[in-house]
Amino acid sequence: MSIDNAVKENNAESLLADIAITAELADYSPVKGCMVIRPYGYAIWENIQRILDKMIKDTGHENAYFPLLVPESFLQKEAEHVEGFAPECAVVTHAGGKELSERYVIRPTSETIINHMFSKWINSYRDLPMKLNQWANVMRWEMRTRLFLRTSEFLWQEGHTCHATHEEAKEEVIKMIHVYEDLLHNYLALPIHIGEKTESERFAGAVSTFSIEALMRDGKALQAGTSHDLGQNFAKAFDTTFTDSENKLAHVWQTSWGVSTRLIGAVIMGHHDEVGLILPPKIAPYQVVIIPILKKNLDNTKVLNQAKLFHKELTDLGLRVKLDDREQISQGIKFNEYEQKGVPLRLVIGERDLENGCVELHRRDIRSKDKDIQIAGLIESIVRLLDEIQSGLFTRALEYRKENTKIVKNIAELDSVLDSKSLGFARAMWNGDVELERILKEKFSASIRCIPLRPELPSDHPCIISGTVSPQNREILIAKAY
RNA sequence: CGGGACAUGGCUCAGCUUGGUAGAGCGCUUCGCUUGGGACGAAGAGGUCGCAGGUUCAAAUCCUGCUGUCCCGACCA
């Protein structure tokens, strides 16, 4: 299906793959459920990595690396953890031509093996807090996979920290979910809701789980990152203890938090239009593409030199710029290619422009073309436009979310919201009765995305299921999700 | 894992019902002509029809099994 048709039919399944493949972000691999991330897609990941890695280090964490293989017995030490992850683990049973005496699990996440090491490294309260992060690949054998949003193998970062007190661990959990908010808002241009997961949606082995929830353009919510308060569950399972300042032995309090290559899926499904991908400038592999109009059998030196000069000036400013001076490809094809790839700005320069002292600039986000940009002041215009595009994309996504967030008082109202084509978030009050989650799942194939950290409803808003007002009621966001 | 569909040059697909020498469009290569939004013309390269069995004189086509992909559920970052 073409991207255009997929958008018109709101066929998200087809759309995601169409955009990812045409934009050359990724391709299907010969291994079930796994994708190949192509250079253009990987460059986006590298940009996200560079930005987030700095944030993680700036908040006092250090990078480390733990092995891919985890002894199967490790996974089994934490009861809820094994129950949650065992069904989706790939297991190595043979190596060196022999069957292994203990099987190895390919990490679905690294809490267990990291705790094993923590218990060796942590002895005293003076060793705390210990705040580590690793960039790694993990594998979860999912029933159904989708490019970027759910592949069997995916890339992520996972932070793992140990603290002397529960309060400090809780602060860490909230601090890191806000780091993710910063990343999504200010770099991916995707507005998110921060909130706590309900018990049924919690990470296997966590005391509480916070997530960031983004809204995609097809009206479905996407969990884009999580931060878990692990309490002492893993510490107890792995006997990760320390001697406190009063010489008493105690288990550490832990957190873990992660975001993955799913973020690229979030960008695709959060910013596309009927042409294809739209990339926020801050993570775009190329922020500007320069296309010189070349004439065959004519002297293009002047045009090419000017294009190279722009390329140098912009690159010197620290911008990521691509000069496409391929002579064999017509500019029409190039225009199309870079639009599908979501390059924020296109700078076109030909003989005609040089004579007039101007160039053509095309904005990908609103698909506008200005043919009379004066060369004098061009560089400043480009820098300003990139900022405008970045903030414009966020504003647009925020507007879209506002339009697609409905306040509901009861199930009947929810019915009219979730049954409509637009989907989106429903904001409601809830008394905590798990019956609601059953109804959501069975009737609406929806779920409680989170209990938002920043509630917006008045306290006398009635519970969606009981219809009563109570101080025990909590605000929730409901949506269909990926 | 339950239900459905599909698997044929690089891509999208036709051919299969009714077995008989493998097709189209796009893409690719060369040449010509064009060039400010996906040009045009000509010539050419490229496929043991997903894999393994079976039926048959003969299988892309019929039968069985397997694998993979997509869609709908359940599961999930």
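In what follows, chains are A, B, ... by sequence order, proteins preceding strands, each numbered from 1.
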Show the distances under 3.5 angstrom between N or O atoms of the protein and N or O atoms of nucleotides 2-5 of chain B.
none

Review item, nucleotides 31-38 of chain B N/O atoms under 3.5 Å of protein N/O:
residue, atom, partner, partner atom, Å
B/U35, O4, A/K296, N, 3.2
B/G36, O5', A/Q331, NE2, 3.0
B/G36, O6, A/E351, N, 3.2
B/G36, O6, A/R352, N, 2.5
B/G36, O6, A/D353, N, 3.3
B/G36, N1, A/D353, OD2, 2.4
B/G36, N2, A/D353, OD2, 2.7
B/G37, N7, A/K369, NZ, 2.6
B/G37, O6, A/E339, OE2, 3.3
B/G37, O6, A/R346, NH2, 2.3
B/G37, N1, A/E339, OE2, 2.5
B/G37, N2, A/N336, ND2, 3.3
B/G37, N2, A/E339, OE1, 3.3
B/G37, N2, A/E339, OE2, 3.4
B/G38, O6, A/N336, OD1, 2.7
B/G38, N1, A/N336, OD1, 2.4

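- Looking at heavy-atom distances under 4.0 Å, A/L149 makes contact with a base.
- For the contact set between residues 182-191 of chain A and RNA chain B, defined by any heavy atom under 4.0 Å, there are no members.
- Using a 4.0 Å heavy-atom criterion, one finds that A/G33 contacts the sugar-phosphate atoms exclusively.
- Annotation: cation-pi pair A/K77/A/F74 present, NZ/CZ under 6.0 Å from the ring centroid and within 45° of its normal.
- Rounded to a whole Å, the CH2 atom of A/W135 is 14 Å from the C1' atom of B/A77.
- For A/W141 and B/A77, the CH2 to C1' distance is 17 Å, given to the nearest whole Å.
- Ionic pairing of A/E355 and A/R352 is not present here: no N-O contact between side-chain nitrogen and carboxylate oxygen is shorter than 4.0 angstrom.
- Atom P of nucleotide B/C75 and atom CD of A/Q223 are separated by 14 Å, given to the nearest angstrom.
- Within residues 46-67 of chain A, no residue has any heavy atom under 4.0 Å from RNA chain B.
- When ring centroids are compared, A/F234 and A/H81 come within the 6.0 Å threshold.
- Contact annotation: A/R144 does not reach the phosphate of B/C70 (side-chain N/O to OP1 or OP2, under 4.0 Å).
- If you check residues 192-201 of chain A against RNA chain B, you find no residue with a heavy atom closer than 4.0 Å.
- Using a 4.0 Å cut-off, no side-chain N or O of A/Y28 falls inside it from OP1 or OP2 of B/G68.
- Residues A/R140 and A/E442 both approach RNA chain B. Their nearest nucleotides, taken by heavy-atom distance, put A/E442 toward the 5′ side.
- Rounded to a whole Å, the NZ atom of A/K480 is 11 Å from the P atom of B/C72.
- We find that CE of A/M216 is positioned 13 Å from C1' of B/A77, with the value rounded to whole Å.
- Remark: B/G2 base-pairs with B/C72; criterion is Watson-Crick or G-U wobble with both hydrogen-bond distances under 3.5 Å.
- Separation of the C1' atoms belonging to B/G46 and B/G25 is 15 Å when rounded to the nearest angstrom.
- As a whole-Å value, the separation of A/K220 NZ from B/A77 P is 16 Å.
- Note on A/T151: a base of the nucleic acid sits closer than 4.0 angstrom, heavy atoms only.
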Which atom pairs, one a donor and one an acceptor, fall under 3.5 Å between side chains of residues 202-216 of chain A and the rest of the protein, sequence neighbours left out?
residue, atom, partner, partner atom, Å
A/R202, NE, A/V207, O, 3.1
A/R202, NH1, A/V207, O, 3.4
A/T209, OG1, A/F203, N, 3.0
A/T209, OG1, A/H228, ND1, 2.8
A/S211, OG, A/E213, OE2, 2.8
A/E213, OE1, A/R449, NE, 3.0
A/E213, OE1, A/R449, NH2, 3.3
A/E213, OE2, A/K197, NZ, 2.8

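- Remark: the separation of the P atoms in B/U8 and B/G50 is 6 Å, to the nearest Å.
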